[in-house]
Amino acid sequence: MPPHLASVDALGHTIIATGTIAERRFVTFAAAQAGLDGVVLGISKLAGIAGDAIPLTLVGTVDMVAGADITAGADLVSNVDGLPIPKGANTNVAGKALTAGLAGQRVAVLLR
């Protein structure tokens, strides 16, 4: 795994948070941090609480902390904390892993 992964924001958007959102987490169309297998709008660039304007990456690559062991090329979904995990039996694919990493390590996630 590279020591530092660059993020590329090809398409951004700002939402008004409906609850607490941590930085670099999957975010839903309801402007909330995604839970397990949530339908993902984008990835938060900043942390915030309800009422805060939070910029998102909708299309691009984002350096995220892996919520489980991830292999490069894997389809990714959100875990209960809005972190990327391999798809498994879940259905709401949020992105694709550009790099591999163990749980807790940084991986590059492609959103499209």
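These numbers were taken from a predicted model, which means no experiment stands behind them. Start at 1 with the first residue, then count along the sequence.
Although no hydrogens or angles enter the test, the distance criterion places a donor-acceptor pair under 3.5 Å between the side chain of Ser78 and the main chain of Gly35. Checking side-chain atoms of Thr57 against main-chain N and O of Val59 turns up no donor-acceptor pair under 3.5 Å. Without hydrogens or angle criteria, Arg24 side chain to Asp63 main chain gives a donor-acceptor distance under 3.5 Å.
Applying the side-chain hydrogen bond (donor to acceptor under 3.5 Å, both in side chains) test to pairs two or more places apart or on separate chains, none has a residue in residues 13-22.
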#### Entry: Intermediate values then yes/no, side chain to side chain contact (heavy atoms under 4.5 Å, CB included), Val27 and Ile43
CA-CA 6 Å; Val27 175; Ile43 298 173; over 6 Å; no
Could you list the donor-acceptor pairs under 3.5 angstrom formed by side chains in residues 70-77, with sequence neighbours left out?
| residue | atom | partner | partner atom | Å |
| --- | --- | --- | --- | --- |
| Asp75 | OD1 | Lys96 | NZ | 2.8 |

Do any side-chain atoms of residues 45-54 form donor-acceptor pairs under 3.5 angstrom with protein atoms, and if so which ones, sequence neighbours left out?
| residue | atom | partner | partner atom | Å |
| --- | --- | --- | --- | --- |
| Lys45 | NZ | Asp9 | OD2 | 2.1 |
| Asp52 | OD2 | Ile49 | N | 2.9 |

Identify each donor-acceptor pair in which a side-chain atom of residues 81-92 lies under 3.5 Å from a protein atom, sequence neighbours left out, and give them as a table.
| residue | atom | partner | partner atom | Å |
| --- | --- | --- | --- | --- |
| Lys87 | NZ | Asn90 | O | 3.3 |
| Asn90 | ND2 | Lys87 | O | 3.2 |
| Asn92 | ND2 | Asp37 | O | 2.6 |

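Atom-to-atom distance recorded for Ile21:CD1 and Gln33:CD is 7.0 Å, nearest 0.5 angstrom. To the nearest 0.5 angstrom, Ser7 atom OG is 9.5 Å from Met64 atom CE.
In the hydrophobic cluster analysis, where Ile, Leu, Val, Met, Phe, Trp and Tyr join through side-chain heavy atoms closer than 4.5 angstrom, Phe26 is grouped apart from Leu56. When the side chains of ILVMFWY residues are joined at heavy-atom separations under 4.5 Å, either directly or via intervening members, Leu11 and Val39 end up in a single hydrophobic cluster.
Partners of Ala103 according to the side-chain contact (heavy atoms from CB on, under 4.5 Å) rule, which considers only residues two or more places apart in sequence or in another chain, are Asp69. Listed by chain and residue number, Thr61 satisfy the side-chain contact (heavy atoms from CB on, under 4.5 Å) test with Val8 (two or more places apart in sequence, or in another chain).
Two residues are said to be in side-chain contact when any heavy atoms from C-beta on lie closer than 4.5 Å; Val107 and Thr99 meet this criterion. Looking at Val65 and Gln105, their side chains never come closer than 4.5 Å, going by heavy atoms from C-beta outward.
Cluster partners of Val93, using a side-chain heavy-atom cutoff of under 4.5 Å among ILVMFWY residues and allowing indirect links: none. Within the hydrophobic cluster formed by Ile, Leu, Val, Met, Phe, Trp and Tyr side chains joined at under 4.5 Å, directly or through other members, Leu98 is accompanied by Leu110.
Taking each heavy atom of Phe29 and Val40 in turn, the nearest pair found is CE1-O, 3.6 Å.
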